[in-house]
Amino acid sequence: KNQVEQSPQSLIILEGKNCTLQCNYTVSPFSNLRWYKQDTGRGPVSLTIMTFSENTKSNGRYTATLDADTKQSSLHITASQLSDSASYICVVSGGVKGGGNKLTFGTGTQLKVEL
Amino acid sequence: DTAVSQTPKYLVTQMGNDKSIKCEQNLGHDTMYWYKQDSKKFLKIMFSYNNKELIINETVPNRFSPKSPDKAHLNLHINSLELGDSAVYFCASSQGGLSPIYGYTFGSGTRLTVV
């Protein structure tokens with residue numbers, strides 16, 4: 001069964017600190033992995049997209065890593081800001097044998113940045 | 001300009017009623033989706049439309065019917081609303097069918113409350 005699990009479920013950090021969010025998946029065959037940021041009451045916004053051959057991709061203070069062998073990804077946030085408070089969702093595309101793609105969403109990590 | 005817009009933003013209605021949620025995208029994307037986000041913040045895909053053809057239907061009850069008058073619109077009609085239908089519904093769009101290169105663009109969501 002295709003699954004995407006994220007940890008921790010929630011996280012509180014002080015402004016200026018770094019943090020790392022984890023995503024483990026069992027989706028096979030694998031196509032790509034995306035990280036989304038979802039502010040409260042808003043739709044998800046794409047941060048990064050990574051394919052099988054990519055190990056690291058950065059978007060400003062966000063850096064995503066992918067280990068396709070262990071089926072793990074992480075999202076590292078550097079020098080956190082209050083505006084980083086949001087839900088971060090890992091989405092894996094794939095899981096359809098013979099072609100095509102299906103999206104499997106993780107349940108998200110709720111991040112709160114405090115002063 | 002809003003890329004993916006949904007209306008209404010909030011909808012409160014009684015059990016048994018029929019309601020519609022509208023979605024429009026001005027990105028020129030070829031595929032549109034409807035997602036349901038439950039109280040646990042888990043996003044589950046409901047429908048996907050590509051070139052006016054339904055290509056995903058994730059065992060959604062037939063009380064839910066997507067209607068796409070053209071490539072820029074995908075409306076969601078719900079018959080005989082039930083308490084369990086209460087959730088936030090997100091519309092999204094992408095270019096490149098089910099394997100979009102640049103990810104998905106989400107609307108801001110419609111919070112449906114059935115009383």
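Just so it is clear: chains get the letters A, B, ... in the order the sequence lines come, proteins before strands, and each one is counted from 1.
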Heavy-atom contacts under 4.5 Å, residues 105-112 of chain A to chain B: Phe105(A), Gly106(A), Thr107(A)
Over 12 non-hydrogen atoms of neighbours within 6.0 angstrom of CG in Asp67(A): yes
Linked, directly or transitively: Leu82(A) and Tyr62(A) (ILVMFWY side chains, under 4.5 Å): yes
Crowding at NZ, Lys71(A) (>12 non-hydrogen neighbours, <6.0 Å): yes
Verify same cluster id: Leu11(B), Met15(B) (apolar side-chain graph, 4.5 Å): yes
Hydrophobic cluster membership, Val12(B) vs Ile78(B), 4.5 Å side-chain cutoff: no
Nearest-0.5 Å distance that lies between atom CZ in Phe90(B) and atom CZ in Arg42(A): 10.0 Å
Same cluster (ILVMFWY, side-chain, under 4.5 Å), Tyr10(B) and Tyr35(B): no
Polar side-chain atom of Tyr36(A) near backbone of Tyr104(B) as donor-acceptor pair, under 3.5 Å: yes
Joint cluster assignment, Leu115(A) & Val113(A), ILVMFWY side-chain distance < 4.5 Å: yes
